[in-house]
Structures are given as structure tokens and as C-alpha cells.
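A short worksheet on the structure shown next.
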Amino acid sequence: MPNSKIKAHKNILSRTLMSVISITVAIAPLVLKHPVQASESVGIPVCDEACTYEGNAAQSGDKVIFRWEGQNADFYHVRYKSGGEEKQVKNTSRSFTLKNVKPNRTYRLKVQACKSRILASSKCSPWEEISFTTRGTANAADSATCKQGYVWREALPFDRVCVTPQVRAQAQLDNAAAASRREPNGGPYGPDTCKQGYVWRETTPDDTVCVTPQVRAQAADENKRAGERRVP
């Protein structure tokens with residue numbers, strides 16, 4: 001083949017390669033700019049009305065404990081009022097406690113279920129509300145009178161379970177020793193994690209005072225006997 005034809009073929013190949021490289025460079029940024037559409041097209045799940053939960057609330061002394069069970073959600077947004085101001089926090093524990101509640105007052109918690117998305121903003125469901133009205137001071141559980149020989153346990157505020165004076169004294173001693181029985185650096189259960197050999201007392205679901213297993217078992221037994229030790 002003559003040299004002129006070889007040179008011509010080389011020039012054509014060179015121009016073709018340059019064109020391919022230029023096209024590749026031009027397309028690459030476009031691929032990086034649209035990863036969300038590509039992910040959604042292969043079925044990345046998103047959270048909309050399909051993100052649901054069922055909520056409930058209960059009072060423990062001067063606290064209201066909200067809990068809920070969700071489906072198809074990675075985390076939740078929680079809105080509540082504190083000092084007249086509405087605040088919002090991110091929640092993954094599916095429970096939230098309002099402290100220092102007042103009697104005969106309705107408290108509301110707004111919850112939004114959210115699903116995380118790769119390289120995109122999270123997708124969240126509409127806000128839903130859980131409400132709870134606290135007991136009044138005249139509630140039977142608060143005004144309970146114990147039979148002779150029994151006193152209120154008072155392990156926590158508003159604890160009106162009737163026990164012997166010795167059990168109430170033990171509860172006060174356990175409350176005083178609570179800080180020394182917790183792991184100083186926290187643990188699997190956060191700052192309320194007990195040191196080895198201790199467990200939560202659980203006179204109520206919110207009672208995380210660390211006691212011996214024997215004291216917890218006793219507290220559970222006292223709760224079962226509460227009705228028979230109270231004046232009808």
C-alpha cells in the first residue's frame with residue numbers, strides 16, 4: 001500500500017479515537033449528575049403513605065411515654081411542645097418521653113415516618129398525631145389508701161403501690177445508690193446501662209433504677225399484690 005494511503009488511514013483512525021474520547025468525557029458528568037433517577041429505575045424503595053405506624057401512650061408518674069411500631073421506615077421525625085415552643089427531633093428508638101407533665105392536661109406528639117434514599121433526600125409520610133390526657137390528682141390510683149401495716153412504696157413520684165415500711169425504705173436506699181450502679185461511660189442501653197450484677201427495677205416501664213435481680217423480682221410481686229393491699 002502506498003505511504004500516502006497509510007498516512008490517510010492513520011489520520012482517520014486518530015480522528016475517530018479523539019471523537020470517542022471527547023464523547024466519553026462529555027457523557028461522564030451527565031451520569032454523575034443523575035444517580036437518583038438511575039437508582040429509582042431499578043427499584044430502590046421510597047417512603048410515602050406506605051410508611052405507617054401504630055402509636056399509643058401511657059402515664060408513669062409525672063411522665064407520658066409515647067411508643068409506636070412502624071413499617072417500612074428507617075427513622076422518624078418527632079414534634080412536641082416544650083415551654084410553648086414546638087420542637088422537632090430525629091428518632092430511631094420508636095419511643096419518646098415527655099417529662100414533668102401536669103394533671104388533667106392533653107399532650108400531643110406528632111410523628112412522621114421516613115425512608116432513607118441513596119444520594120437523595122429522605123422520603124417521609126404525612127404527619128400523624130398521638131394524644132394523651134393525663135390523670136387528675138383525684139384519680140383513684142393517686143388517692144389510694146393502704147390497709148393497716150402498709151405504706152406507699154414511692155419508688156418513683158406518684159408510685160402508690162402499697163408495701164411494707166421495709167420495702168419502701170429499700171426503695172429509697174436504691175434510689176440514693178442509683179448513680180453508683182450505672183456504667184459511667186454508658187453502654188448498650190445508653191446512660192441508664194447498669195453495672196454487672198444489677199438490672200432495672202421496673203416498678204413501671206420507665207423505672208431504670210439499677211437494683212439486684214432479687215429486688216426487681218420483689219417489685220414485680222408487689223405490683224401484683226397492689227390491689228389486695230389497698231382499701232376498697
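- Distance check: C146 SG to R160 CZ gives 9.5 Å after rounding to the nearest 0.5 Å.
- Legend: ring pair (Phe, Tyr, Trp, His ring centres under 6.0 Å) pairs involving residues 192-232, not counting sequence neighbours, sorted by first then second residue: Y189-W200.
- Counting only distance, with no hydrogens or angles, the side chain of Q112 and the backbone of S125 share a donor-acceptor pair below 3.5 Å.
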Q: With salt bridge (charged side-chain N to carboxylate O under 4.0 Å, His left out) as the test, would you mind laying out the steps for E129 and R108 before giving the verdict?
A: CA-CA 7 Å; E129 185 176 282; R108 294 178 173 82; 3.2 Å; yes

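- Residue pairs meeting the ring pair (Phe, Tyr, Trp, His ring centres under 6.0 Å) criterion with at least one member in residues 89-108, sequence neighbours excluded: Y80-F96.
- When the side chains of ILVMFWY residues are joined at heavy-atom separations under 4.5 Å, either directly or via intervening members, V215 and V209 end up in a single hydrophobic cluster.
- Under the 4.5 Å side-chain heavy-atom criterion for ILVMFWY residues, no single connected hydrophobic cluster contains both V211 and V163.
- In this structure, the salt bridge (Lys or Arg N to Asp or Glu O under 4.0 Å) partners of R229, at least two apart in sequence or on a different chain, are E222.
- The salt bridge (Lys or Arg N to Asp or Glu O under 4.0 Å) search around R105 returns none, not counting sequence neighbours.
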Q) Can T106 and T133 be said to form a side-chain hydrogen bond (donor to acceptor under 3.5 Å, both in side chains), step by step? A) CA-CA 4 Å; T106 299; T133 301; 2.8 Å; yes

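- Within the structure, every pair that satisfies the salt bridge (Lys or Arg N to Asp or Glu O under 4.0 Å) test and touches residues 178-200, not counting sequence neighbours, is listed here: D174-R181.
- With sequence neighbours excluded, the residues that form a ring pair (Phe, Tyr, Trp, His ring centres under 6.0 Å) with F75 are H77.
- Residues meeting the side-chain contact (heavy atoms from CB on, under 4.5 Å) test with A155, sequence neighbours left out: R153, D159, A171, R201, T203.
- For Q172, the side-chain contact (heavy atoms from CB on, under 4.5 Å) criterion is met by R168, not counting sequence neighbours.
- Taking a cutoff of 4.0 Å between a charged side-chain nitrogen and a carboxylate oxygen, E228 and K147 do not qualify as a salt bridge.
- Taking the side-chain contact (heavy atoms from CB on, under 4.5 Å) definition, one finds that Q166 meets it with T164, sequence neighbours left out.
- From L109, atom CG reaches atom CG of L98 across 6.5 Å, with rounding to the nearest 0.5 Å.
- The two residues A226 and V161 come nearest to each other via the heavy atoms CB-CG1, 4.1 Å.
- Looking at C114 and Y76, their side chains never come closer than 4.5 Å, going by heavy atoms from C-beta outward.
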Q: Take N175 and L173, measure what side chain to side chain contact (heavy atoms under 4.5 Å, CB included) needs, and give me the verdict at the end.
A: CA-CA 5 Å; N175 288 350; L173 289 173; over 6 Å; no

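- Between R67 and P205 the shortest side-chain heavy-atom distance falls below 4.5 Å.
- Looking at residues two or more places apart in sequence or on another chain, you find no side-chain hydrogen bond (donor to acceptor under 3.5 Å, both in side chains) involving S122.
- Remark: S93 engages N91, S95 in a side-chain contact (heavy atoms from CB on, under 4.5 Å) (not counting sequence neighbours).
- Put simply, the side chain of K63 does not reach to within 4.5 Å of the side chain of V101, judged on heavy atoms.
- Between the CG atom of D207 and the CG atom of L156 there is a distance of 4.5 Å, given to the nearest 0.5 Å.
- Listed by first and then second residue, the disulfide bond (SG atoms under 2.5 Å apart) pairs that reach into residues 199-232 are C194-C210, sequence neighbours excluded.
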